[in-house]
Amino acid sequence: MATNWRSCPRFPVADLLDVRLCTAPFDPALELRNFTRALPQAGGIVSFLGQVRAGDGVEALDLRHYAPLTLPAMRTLAGQVRGRWALDGLLIIHRSGEMVPGDPIVLVAAAARHRRDAFAAADFAMDHLKSESWFWKREKVAGQWRWIEPRMQDFEDIARWR
Amino acid sequence: MATNWRSCPRFPVADLLDVRLCTAPFDPALELRNFTRALPQAGGIVSFLGQVRAGDGVEALDLRHYAPLTLPAMRTLAGQVRGRWALDGLLIIHRSGEMVPGDPIVLVAAAARHRRDAFAAADFAMDHLKSESWFWKREKVAGQWRWIEPRMQDFEDIARWR
Amino acid sequence: MAARLVFLGRLEELAGCPFADVAFGAPLHWADVLAWLGDDQAPELPALVNSDKVRLALNGMMVTDKASLTVVDGDELAFLPPVSGG
Amino acid sequence: MAARLVFLGRLEELAGCPFADVAFGAPLHWADVLAWLGDDQAPELPALVNSDKVRLALNGMMVTDKASLTVVDGDELAFLPPVSGG
């Protein structure tokens, strides 16, 4: 199932913003623990973890990015989220490369004094990460890779914030 | 800061519902990891962690419960959440007793195939846990304990779901 | 015959104890409970627990009508002030 | 003079490679790029990358008007199909 995690380099944008693009597996529990411990003044931390689903017949998932666009876009999004809600901290980690069922794909965590800010910030960040950031996805089913097209649901999710 | 965690007994209501009332510290990262690993078919897991805030001058927090009501109320809420959204799993862990800044108070995690269900379920569970479950709270500030009254914000949060 | 009265939240401070055991010869009605609270626990308790803000649980079941309450031997009656937010 | 053309997502499959280096004697305009793609890469590429669905990035900056594009020595031009949801 899930691959053992290896270290993922950090590119902190500012003290409380941690935005990373990882080419190797990462450990969401460890990342959340470190994030939480660094923010004892935050009353609440909301996180979203997306993982490669088991049981759909998908043998592997491959996420491709374009380096000159993907990380800058993630950092821009993180800045927007920080500007929109009163947060103590924001963590965005996204995998690229080949993954197997059970592997973490994305971890977003928002820490805030008030619960509602943390929920809204994490929700917004996920909607926009999925739809506006530069990842192209292939799935391997029955030994065959196929590219995944954009889903209408993502456009509807984005529309909620306009 | 945070106390070292000890084991917290489990009272599973059903296969995918894990609802616990802990009288000793628990480790949210460990709990989330176990929850996530048990649900490889879930694409997304949303969690909320509430911790005792540092920096407000609060030296300790004491949550009192009434055994014949508190755990049954938490289980009833968990059942409502499971009935309202399509979830793969739901985890609710709540501390009682005395805590210090940095200690986890509550962990809610909802796992679902679809991201939107997981966000809504965790959000709903937190709103209702805070306002409808049977906990009475004291804070110790400058060596003095004082009881905390209900906040209007909680009633507004609840009203969002009606 | 005896029953236990349980005081939650700030009611514990007013009563001066988390619970009290009360002995009686005949089943207690709500007026008897209020009288006992005022005499044996604290003079401000009866008005407080009689208000809509304080709810009752008898043996773990919520009491919908305080006036019709009857406490018999072995009962546990809990006084529940509003829960804390936050 | 040379520039690199980068094919993302399913365009990589159509082009048959993740990127291609193109040599030229004078700066390339959009029509030159399309002609080169059709001749050297795949006949269906020009119409596809000319559609609104495929966006361009020149040296990491989004291109707002394809028609006014000029590619000079050392440039990297990326072809970006719609990103995948989910």
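Quick caveat, the model's predicted, so the values are computed rather than measured. Each chain gets a letter, A, B and so on, in the order the sequences are listed, and its residues count up from 1.
Between A:R113 and B:R53, the closest heavy-atom pair is O-NH1, 3.0 Å. The two residues B:R33 and A:A29 make their nearest non-hydrogen contact at NH2-CB, 3.6 Å.
Using a 4.5 Å cut-off between heavy atoms, B:A118 makes no contact with chain A at all. Heavy atoms closer than 4.5 Å to chain B are found nowhere in A:A109, neither backbone nor side chain. At a 4.5 Å heavy-atom cutoff, the contact between A:L32 and chain B is made by side-chain atoms alone. No part of A:V106 comes within reach of chain B, as not one of its non-hydrogen atoms sits under 4.5 angstrom from that chain.
Your options are B:A42, B:G55, B:S47, B:G44, and the one with the most heavy-atom pairs under 4.5 Å with chain A is B:S47. Of the listed residues B:V108, B:V46, B:L107, the one with more heavy-atom pairs under 4.5 angstrom with chain A than any other is B:V46. Chosen from B:T36, B:D56, B:I45, the residue pairing most often with chain A at heavy-atom distances under 4.5 Å is B:I45.
Annotation: the span from B:D127 atom CG to A:F119 atom CZ amounts to 7.5 Å, rounded to 0.5 Å.
A:D123 is listed as a side-chain neighbour of B:R116, based on a closest heavy-atom distance under 4.5 Å.
Although no hydrogens or angles enter the test, the distance criterion places a donor-acceptor pair under 3.5 Å between the side chain of A:Q51 and the main chain of B:L39.
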